[in-house]
K.L.:
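The structure that follows is given in the form of structure tokens.
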Amino acid sequence: MAARQLEAVAAVERIVKQASDPIIHHQCLNILRDRPRSEHGKKVRQEADRVSKLVRDSFELRLVKALVRSDDFDWRKRHVDFNVAYKLHEDELKKFHGAISGEFQKKYPSAKKGIKVLGDLIRQLRAGDIAVYETPFLFAFAAHDTGYARAVCSAIVTRPATELSRVFHYFLNAIEAIQPHGALPYAQKAVASHNGVLCHSVASHLDWMARQRDLTKGELVLLSKLLKCSDVSVAHNAFSAIRWIGNKNPNAGIRLILSAKWGRDARLASAALTCVDGQHGIPPERIPAADVRRILKRLEIIPNLESWEYSGFLAHASAHYPDDVVKLFVNRIKRSLKQKFDFDERPIPDEFNYSLPDLSKSPHGADRLREIRDLTVKKQWQYQHFGRDLFWALAPFDFCLGVLNDWIESPDDARFKAAMSLLYEVESDFIFSKSECVEFILARAQQHSMERFELAKSTLLFCATRHGESRAVGQPGPTTLATKG
């Protein structure tokens, strides 16, 4: 084993002597660092140490070290207290990054040349499948010299293809930290370029600024433009700032949400409604009724409302504007007729994770429930399927049954069948707990015809066996036995 390890070290030595690329040297050092383990023996460790010293500690090599991720946790040995050891490590890393930043900016006084060198190096590292963790260094690099950061911003805007476009916001943040509102001109030019990467970065900058202070009028205008961006990822990122804006200024937050055009994009719609939050966003009670209704209207065309991001807003709307929430779901069912059937699209959620309106407490609740009931007699299966689910979800069973009684007593056979179809899906043991309801249904059915009576019996039997109590296969359940007795 030791012989093989020595051969490997010798092979690395040949590479070190033949190559001048700092990336290759860095990789060689990583290999040599892994050799000197206890099981490799003293001679292997000595050889690895000797070859390591052949690698010249150049500026280029230190720059590579500043950009790549290090999985070396030797810093934990610096102090018995983990937190103290980590602080020592962070302080040293900050000092190292500051020194490299100063050396780099002195070596490349032209920002255009500087971003090309850095961008090319990051690109090469990624192409070599080397883990890049440029954030700590570039953050220090941007803050080292504000004048250089300004020049970098101007250079990036004119050459957005550089890898540094992804971290453009670091330089904007650095300028802003020294001179309030000084970053706005660069952010405006970046957005005017319509480059998706730059716009995404400006959205991150505005999010960071919104956490620190109120945004200026110019910054709000810029954010509004980003919300209308055709690049969905940019618009999605821009919503992050609205949470902080709306917490302090609900009216401004709602104006921004309504200025965004999310259409049928569920990702953007959920990002918008995530901004509505009693503690960390726009307080829902501060949203005017007219704006609540505008948002509900927009939600009519979203493919589905299953995501939890809608819950907070819909829960608030359900409690304060029950008729409008009911209208939302009814209109979604109607719209579903125009859509090609898709399992990813549902007019009403498969399962509600918030409280729906209780129409029994609404002055027009019975009328709303009758409208939903009446949908179920239409030919389209969407009305029958989703209307049936919605009917029982909007009021207690007794109230729903009271609305259904008109059809149970109706001379129209189609309505009686529709009433039985609605009962078919009741998730309840009412067959055993509400015997008077069962008697009423059977009596009214028998008064009209034997056919109705048989339909009523089969429907009630299905409810009893499908939605009733737990029982052993082939055996009656305890409630059934108790009722029989």
Side-chain angles (χ1 to χ4, degrees), residues 90 94 98 101 135-136 138-154 156-157 164-193 195 197-229 231 233-260 268 271-288 291 309 312:
E90 286 293 297
K94 187 176 180 180
S101 298
T135 300
L138 290 179
F139 193 80
F141 182 82
H144 184 77
D145 185 329
T146 309
Y148 198 87
R150 291 176 182 277
V152 167
C153 282
S154 296
I156 291 176
V157 170
L164 296 191
S165 294
R166 302 177 187 278
V167 291
F168 183 63
H169 54 289
Y170 291 165
F171 298 94
L172 295 176
N173 294 349
I175 295 171
E176 190 68 32
I178 301 299
Q179 181 187 357
H181 317 307
L184 182 59
Y186 303 100
Q188 289 171 330
K189 289 179 181 178
V191 173
S193 73
N195 178 273
V197 177
L198 285 181
C199 289
H200 193 280
S201 205
V202 172
S204 296
H205 165 67
L206 293 176
D207 176 38
W208 182 78
M209 290 308 308
R211 297 166 188 252
Q212 315 299 319
R213 58 165 173 77
D214 294 337
L215 296 188
T216 64
K217 183 178 179 181
E219 290 167 335
L220 289 173
V221 169
L222 207 57
L223 184 61
S224 183
K225 289 181 179 179
L226 293 172
L227 289 168
K228 298 182 181 73
C229 185
D231 188 327
S233 65
V234 172
H236 187 274
N237 199 31
F239 275 113
S240 301
I242 297 180
R243 180 186 288 268
W244 313 104
I245 295 168
N247 190 259
K248 300 174 184 176
N249 188 342
N251 290 334
I254 285 297
R255 281 198 303 272
L256 285 166
I257 286 179
L258 292 173
S259 74
L268 289 183
L273 294 189
T274 302
C275 300
V276 179
D277 186 282
Q279 290 185 321
H280 307 291
I282 304 170
E285 64 275 6
R286 298 286 301 276
I287 305 176
D291 291 337
E309 286 90 349

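Everything numeric here is computed off the predicted structure, so don't read it as measured data.
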K.L.:
Rounded to the nearest 0.5 Å, what separates atom CG in L184 from atom CG in L206?
P.N.:
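Nearest 0.5 Å value for the CG-CG distance: 8.5 Å.
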K.L.:
Supply the atom-to-atom distance Q212 CD to D207 CG, rounded to the nearest 0.5 angstrom.
P.N.:
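Result: 9.5 Å between the selected atoms.
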K.L.:
How close do A183 and L172 get, counting heavy atoms only, and between which atoms?
P.N.:
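Distance-wise, the nearest heavy atoms are CB-O, 3.4 Å.
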K.L.:
Give, for atom CD of E219 and atom CD of E176, the distance between the pair rounded to the nearest 0.5 Å.
P.N.:
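The CD atom of E219 sits 6.0 Å away from the CD atom of E176.
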K.L.:
Supply the atom-to-atom distance Y148 OH to C153 SG, rounded to the nearest 0.5 angstrom.
P.N.:
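Going from OH on Y148 over to SG on C153, the span is 12.0 Å.
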K.L.:
Tell me if a side-chain donor or acceptor on S201 pairs with a main-chain N or O of H169 at a distance below 3.5 Å.
P.N.:
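Judged by distance alone, yes, a pair lies under 3.5 Å.
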K.L.:
Using atom types as modelled and distance alone, determine if a side-chain donor or acceptor of S259 lies under 3.5 Å from a backbone N or O of L256.
P.N.:
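Answer holds: yes.
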K.L.:
If you take all heavy atoms of A142 and A174, which pair is closest and at what distance?
P.N.:
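Closest pair (atom of A142, atom of A174, distance): O-CB, 3.3 Å.
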K.L.:
Does some side-chain heavy atom of V202 sit less than 4.5 Å from a side-chain heavy atom of Y186?
P.N.:
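They are not in contact (no side-chain heavy atoms under 4.5 Å apart), so the answer is no.
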K.L.:
Which residue, N195, V167, L164, V197, forms the side-chain contact (heavy atoms from CB on, under 4.5 Å) with I156?
P.N.:
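Among the candidates, only L164 passes.
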K.L.:
Give the intermediate values and the outcome of side-chain hydrogen bond (donor to acceptor under 3.5 Å, both in side chains) for residues H205 and N173.
P.N.:
CA-CA 6 Å; H205 165 67; N173 294 349; 2.7 Å; yes
K.L.:
Could you tell me the separation between the NZ atom of K248 and the CD1 atom of I282, rounded to the nearest 0.5 Å?
P.N.:
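CD1 of I282 is found 13.5 Å from NZ of K248.
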K.L.:
Answer yes or no: is there a side-chain heavy-atom contact under 4.5 Å between N237 and S204?
P.N.:
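A side-chain contact under 4.5 Å exists here.
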K.L.:
Could you tell me whether a side-chain N or O of R243 sits under 3.5 Å from a main-chain N or O of T274, the two making a donor and an acceptor?
P.N.:
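Yes, R243 side chain to T274 backbone: donor-acceptor pair under 3.5 Å.
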K.L.:
Do L220 and I245 pass the side-chain contact (heavy atoms from CB on, under 4.5 Å) test, and can you show the C-alpha distance, the side-chain angles, and the key distance before you say yes or no?
P.N.:
CA-CA 9 Å; L220 289 173; I245 295 168; 3.9 Å; yes
K.L.:
Taking the side chain as everything from C-beta on, heavy atoms only, tell me whether I257 gets closer than 4.5 Å to C275.
P.N.:
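Yes. Closest side-chain heavy atoms under 4.5 Å.
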K.L.:
Should we say atom NZ of K94 is surrounded by more than 12 heavy atoms from elsewhere, each under 6.0 Å from it?
P.N.:
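Atom NZ in K94 is not packed in, count stays at 12 or less.
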K.L.:
Could you measure the distance from the OG atom of S224 to the CZ atom of R255? Nearest 0.5 Å is fine.
P.N.:
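Rounded to the nearest 0.5 Å, the OG-CZ separation comes out at 10.5 Å.
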K.L.:
Please step through side-chain contact (heavy atoms from CB on, under 4.5 Å) for the pair Q179 and T146, ending with a clear verdict.
P.N.:
CA-CA 9 Å; Q179 181 187 357; T146 309; over 6 Å; no
K.L.:
Would N247 and H280 satisfy side-chain contact (heavy atoms from CB on, under 4.5 Å), going step by step from the backbone distance to the final call?
P.N.:
CA-CA 7 Å; N247 190 259; H280 307 291; 5.8 Å; no
K.L.:
List the atom of V234, the atom of A203, and the distance in Å for their closest heavy-atom pair.
P.N.:
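It is O-CB, 4.3 Å.
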K.L.:
Which pair of heavy atoms, one from P283 and one from G246, lies closest together, and at what distance?
P.N.:
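Answer, listing the atom of P283 first, then G246: CD-O, 3.9 Å.
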K.L.:
Measure across A271 and H236 and return the closest heavy-atom pair with its distance rounded to 0.1 Å.
P.N.:
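Looking at all heavy atoms of both residues, the closest pair is CB-CD2, 3.6 Å.
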K.L.:
side-chain contact (heavy atoms from CB on, under 4.5 Å) for L222 and L215? Distances and angles first, verdict last.
P.N.:
CA-CA 10 Å; L222 207 57; L215 296 188; over 6 Å; no
K.L.:
Regarding Y170 and T135, do their side chains bring together a donor and an acceptor under 3.5 Å, going by distance alone?
P.N.:
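Yes, a side-chain donor-acceptor pair sits under 3.5 Å.
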